[in-house]
Amino acid sequence: MPMLEALQAKDELNAVIKTRVEKACQLLDDDIHLYPNDFRRDTEIETLWARFSETDGETLEAAEYDFALAGRVVSYRSFGKVTFFHLQDRGGKIQVYAARDDLGTEAYQLFKKTDIGDIVGVRGSLFRTKTGELTVKTRGFRRVSKSMRPLPEKYHGLKDVETRYRQRYVDLIVTPRTKEIFMMRTAIVRELRDFLDEKGFMEVETPMMQAIPGGAMAKPFETHHNALDMKLYMRIAPELYLKRLLVGGFERVYEINRNFRNEGISTQHNPEFTMLEFYWAYANFEDLMDLTEEMFSRVAVKATGSSVVPYQGEQIDLSVGAWTRLAFHDSLEKIGGVAPEVYSDYEKCKALVKEKGEKVVEGEKLGKLQAKLFDILVEPRLIQPHFIYHYPTDISPLSRRNEDNPEITDRFELFMTGREMANAFSELNDPVDQRGRFEDQVKEKEAGDEEAHFMDEDYVRALEYGMPPAAGQGVGIDRLVMLLTDSASIREVILFPLLRPEAG
RNA sequence: GGGUCGUUAACUCAGUUGGUAGAGUAUCUGCCUUUUAAGCAGAGAGUCACUGGUUCGAGCCCAGUACGACCCA
């Protein structure tokens, strides 16, 4: 095979890879297919453990249960005429024993060309070794994929985080915890879907590419559609489309999908991240708080077995009823230590923001200043679950105003572990009020606020047809998975986090 | 954007005051039929991230660059 020979000739290959390529060339010379796809397994390692973990050796050998397994060789101990190795498939790992006297000299010689990392099929039965370990006795062997690159060292594993993220495939092979986290992620998302489906919500898909990026305050990614010759944005939120569906008569809808925000990268932020948004007609933000407690505690139990979960040394209690509900302005006073005469006075508020080292932009409204104080003084201290409600109207352009006080909205954000986990509100369904709020946002955008909302005429037109009163919520799925897997960085819960291209 | 730290063999890591580049694992060779971080004997393996500077001499000191981690904005 010319390609392999070319690979073999490359000087820059390190010795280990070169040796493996040479070995592969020898196999080819003996007419051995390196990548056959004719082996079929009839069981998996998890199944063997489930059925036989309690069975004693005599019973196993008497039964001579015969089966075919396949997986990756992840360790290898050879004694000459007998070899032990561990085989790993998607569900687990099991020891395999291969002996010359069982396989025959020729087959055993071929088997001995196996490297750690090769993917192999094994036919055989079970027995127990002297130490009692459940082990497969090989009667037939077929290599189905030759590995050219050595795996990381077995004892320390792969530690270099950059390599773990760039070559996640290697991380998944050698780091059991990584595999576990992503299996948990899938289980968490499935449980959210089950929960919402049971409550009568319908999953939908709305545009990821939008002409007007709405539904959140964030900088969008821009792209261009060639055939239509038009600018498009990657969505920052699905909100305005999901609410159009409320107008259309789907009274309970949700979407779990990616959002894109053209902002900094940190342990809490990836440019593309996954959000659950759901909208519920004939409900308000207080109904949402109840539903949220129920949903989070159920998902926590599913993922971790308990509604009290450990996170970075704290025990976070997600049990229904354990959550605190506190008004935004009360949280400024009681947790942030900001007196009402300070937070309600524009100049005093501005002075305090500056004192705390935050910039104040010209023309910024009182609500925005209060939000900055909240971010600095309150948010980091909200370790246990807190619903902070009645956000200022200035910073809540899509939320319904409070009936008694038009300066605040029937909106809450959910905080725990010092971070925002969700944002929710009773929806603004008055088209006249909505148009006015958009117009205020446009003024802020013109004044230089890149994150202010765009005017969306079609959305206002939809509201003019009449949207049922409703409440809606967005939950950051990555952060939820971080919480339930005790992960400090968002990159630990995203399979392929965004990194700069490798040098060279 | 700013600060701190890191980058040495495929992997995990040492590297003294600036003076010939080290270990374990992995790999290769030999021995070995119940091991499991198998063992024993031997061998090979390096653009010390990159570029420049200081120096008789730089993995080590200095400057810059790239990538990453953490903190701050």
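First the proteins, then the strands, lettered A, B, ... as listed; each starts at 1. Here the structure is a predicted model, which means the values were calculated and not measured.
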Exercise answer: donor-acceptor pairs, residues 482-490 of chain A side-chain atoms, under 3.5 Å, sequence neighbours excluded:
residue	atom	partner	partner atom	Å
A:T485	OG1	A:V481	O	2.6
A:T485	OG1	A:S487	OG	2.8
A:D486	OD1	A:Q312	N	2.6
A:D486	OD1	A:Q312	NE2	2.9
A:S489	OG	A:R491	N	3.1

Expected list for residues 95-106 of chain A: side-chain donor-acceptor pairs under 3.5 angstrom, two or more places apart:
residue	atom	partner	partner atom	Å
A:Q95	OE1	A:R77	NH2	2.8
A:Q95	NE2	A:T135	OG1	3.1

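Nucleotide B:C70 holds its C1' atom 14 Å from the CD atom of A:E492, rounded to whole Å. In this structure, A:D375 atom CG and B:C72 atom P are separated by 14 Å, rounded to whole Å. What separates CD1 of A:I17 from P of B:G46 is a distance of 13 Å, to the nearest Å. Spacing between atom CG of A:L498 and atom P of B:C67 amounts to 12 Å, rounded to whole angstrom units. Per the geometry, CD1 belonging to A:I173 stands 14 Å off C1' belonging to B:C11, to the nearest Å. The separation between A:E379 atom CD and B:A73 atom P is 12 Å, rounded to whole Å. In this structure, A:E502 places its CD atom 18 Å from P of B:U7, rounding to the nearest Å. For the pair A:H269 NE2 and B:A73 C1', the computed distance is 13 Å after rounding to whole Å.
The side-chain hydrogen bond (donor to acceptor under 3.5 Å, both in side chains) search around A:K137 returns none, not counting sequence neighbours. For A:E222, the salt bridge (charged side-chain N to carboxylate O under 4.0 Å, His left out) criterion is met by A:K231, not counting sequence neighbours. In this structure A:E46 satisfies the side-chain hydrogen bond (donor to acceptor under 3.5 Å, both in side chains) test with no other residue, sequence neighbours excluded.
Heavy atoms of A:R77 sit under 4.0 angstrom from at least one base atom. Residue-level contact check: A:F127 touches the bases, meaning some heavy atom is under 4.0 Å from a base atom. Within 4.0 Å of A:R164, counting heavy atoms only, lies no atom of the nucleic acid at all. Among the protein residues, A:G357 comes within range of the sugar-phosphate backbone only, with heavy atoms under 4.0 Å from sugar or phosphate atoms but none that close to a base. Within 4.0 Å of A:K130, counting heavy atoms only, lies at least one base atom of the nucleic acid. Counting non-hydrogen atoms under 4.0 angstrom, A:E133 reaches a base of the nucleic acid.
A distance below 6.0 Å separates the ring centres of A:F111 and A:F85.
With C1' as the reference atom, B:A43 and B:A37 are 22 Å apart, rounded to whole Å. Of the C1' atoms belonging to B:U55 and B:G30, the separation is 48 Å, rounded to the nearest Å. Rounded to whole Å, the separation between the C1' atoms of B:A66 and B:U47 comes to 15 Å. The P atoms of B:G44 and B:C56 are separated by 36 Å, rounded to the nearest whole Å. Comparing the P positions of B:A73 and B:G59 gives a spacing of 40 Å, expressed to the nearest Å. Comparing the C1' positions of B:U17 and B:C60 gives a spacing of 10 Å, expressed to the nearest Å. Distance check on atom P: B:C70 versus B:U29 gives 42 Å, rounded to whole Å. Comparing B:A49 with B:U7, their P atoms are spaced 8 Å from each other, to the whole Å.
Atoms CG and CG, on A:L352 and A:L373 in that order, are 5.0 Å from each other to the nearest 0.5 Å.
Residues A:T129 and A:R500 both approach RNA chain B. Their nearest nucleotides, taken by heavy-atom distance, put A:T129 toward the 5′ side.
With a cut-off of 3.5 Å on both pairing distances, the Watson-Crick or G-U wobble partner of B:G39 is B:C31. If you check B:A21 for Watson-Crick or wobble pairing at under 3.5 angstrom, you find it has no partner at all. When Watson-Crick and G-U wobble pairs are counted only if both distances are under 3.5 Å, B:U65 pairs with B:A49. A 3.5 Å limit on both hydrogen-bonding distances identifies B:G3 as the Watson-Crick or G-U partner of B:C70.
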Practice item. Going 5' to 3' through nucleotides 25-33 of chain B, assign each nucleotide B (protein heavy atom under 4.0 Å from a base atom), S (under 4.0 Å only from sugar-phosphate atoms) or - (no protein heavy atom that close). Key: BSSS---BB
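For A:R149 and B:A10, the shortest distance from a side-chain N or O to OP1 or OP2 is not below 4.0 Å.
Side-chain N/O atoms of A:T175 and A:D171 include a donor and acceptor closer than 3.5 Å.
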Point to revise | salt bridge (Lys or Arg N to Asp or Glu O under 4.0 Å) between A:R177 and A:E180, worked out | key: CA-CA 5 Å; A:R177 179 63 183 161; A:E180 193 179 311; 2.7 Å; yes
